[in-house]
Amino acid sequence: MTTLLSVLPAQAAARLGDYTVVDVRTPGEYASGHLPGAHNVPLDRLRAALPALRAAAARGDLLMVCASGNRSATACGELAASGVPAATLTGGTTAWARQGHALDSPEGAGRVWGMERQVRLAAGSLVLLGLAVGTRHRRARLLSGAIGGGLVFSALSGTCGMAAVLARLPHNRPRHADLDATLDTLRHGV
């Protein structure tokens with residue numbers, strides 16, 4: 001078993017120029033604020049990006065980043081299984097910003113909610129819908145139970161099926177050309 005290498009925000013800030021920073025959040029989340037110089041490769045596209053990430057790791061250290069550190073830790077695990085060393089930013093962009101470090105965002109970029117907030121909205125809405133419709137049709141309450149069970153499973157397993165579904169929404173998807181350009185940059189360096 002591989003030990004996960006974690007880097008604290010202050011350590012990452014001191015060596016930011018030494019890392020190839022890869023943000024594994026959705027493009028919408030990335031656009032709302034990311035570490036300076038970070039490249040966006042959504043977690044669900046990590047396998048396709050493996051050759052480019054392997055090339056970037058051969059040139060220097062990879063630092064994987066997400067909002068809280070959970071998805072970046074998952075990314076590090078997947079990379080380690082493929083023989084690509086990478087570290088995760090402890091606490092993600094949330095801890096980075098909380099410690100006063102700057103986040104970059106493209107001009108005119110809309111603020112997209114973080115995935116965790118999107119999941120809370122979707123789950124809460126579905127629970128309320130199940131309860132409301134359940135006043136007339138008892139079986140509709142099963143929807144609320146299913147969502148509750150899914151949330152418990154998500155917490156216990158560290159995975160989230162609802163987040164995987166929400167990540168497929170258009171505002172959370174990379175444009176093909178953007179991802180290709182990012183992978184080309186990772187392959188060949190800047």
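When a residue number appears, it is its place in the shown sequence, counting from 1. Everything quoted here is computed from the prediction, not taken from an experiment.
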What pair of heavy atoms forms the shortest contact from [X] to [Y], and how long is it?
X	Y	value
Gly134	Ala140	N-CB, 3.8 Å
Ala55	Arg187	CB-O, 3.6 Å
Gly69	Thr88	O-OG1, 3.8 Å

Quick one: [atom1] on [X] to [atom2] on [Y], what's the gap to the nearest 0.5 Å?
X	Y	atom1	atom2	result
His137	Leu142	NE2	CG	13.5 Å
Arg71	Glu78	CZ	CD	13.0 Å
Asp184	Leu179	CG	CG	11.0 Å
His34	His39	NE2	NE2	9.5 Å

Would you check, one step at a time, whether the test side-chain contact (heavy atoms from CB on, under 4.5 Å) holds for Thr26 with Asn40?
CA-CA 8 Å; Thr26 66; Asn40 185 220; over 6 Å; no
Of all pairs that satisfy side chain to side chain donor-acceptor pair (under 3.5 Å), the ones with a partner from residues 11-20, not counting sequence neighbours:
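Checked against side chain to side chain donor-acceptor pair (under 3.5 Å) - neighbours excluded - the pairs reaching residues 11-20 are Arg15-Asp18, Arg15-Tyr19, Arg15-Asp61.
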Between [options], which is the residue that forms a side-chain contact (heavy atoms from CB on, under 4.5 Å) with [X]?
X	options	answer
Arg25	Cys66, Ser72, Pro42	Cys66
Leu79	Thr74, Val84, Val22	Val84
Ser144	Val133, Leu131, Leu128	Leu131

Test question: given the 4.5 Å side-chain rule for I, L, V, M, F, W and Y, name all other residues clustered with Leu8, or answer none.
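Answer for Leu8: none, a lone residue.
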Is the backbone N or O of Ala67 less than 3.5 Å from a side-chain atom of Thr94, with the two atoms forming a donor-acceptor pair by type?
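Yes.
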Kindly say whether Gly150 contributes a backbone atom to a donor-acceptor pair with the side chain of Ser154 at under 3.5 angstrom?
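No; judged by distance alone, with no hydrogens or angles, the pair does not exist.
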Restricting to pairs with a member in residues 49-71, which pass ring pair (Phe, Tyr, Trp, His ring centres under 6.0 Å), not counting sequence neighbours?
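As it turns out, there is no ring pair (Phe, Tyr, Trp, His ring centres under 6.0 Å) pair with a partner in residues 49-71 once direct neighbours are skipped.
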Return each pair, listed once, that meets ring pair (Phe, Tyr, Trp, His ring centres under 6.0 Å) where at least one residue sits in residues 41-67; pairs must be two or more places apart or across chains.
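Listed once each, the pairs would be none.
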Please identify each residue that fulfils side-chain contact (heavy atoms from CB on, under 4.5 Å) with [X], with sequence neighbours left out.
X	value
Leu143	Leu126, Leu129, Ile147
Ala95	Pro9
Leu103	Leu35, Thr93, Trp96, Ala97
Ala49	Val41, Leu53, Leu183

same_hphob_cluster([X], [Y]) at 4.5 Å side-chain heavy-atom cutoff:
X	Y	result
Val7	Leu62	no
Leu50	Val24	yes
Val21	Met64	no

Would you call Leu16 and Pro36 a side-chain contact if the rule is heavy atoms closer than 4.5 Å?
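In short, these two side chains touch, coming nearer than 4.5 Å.
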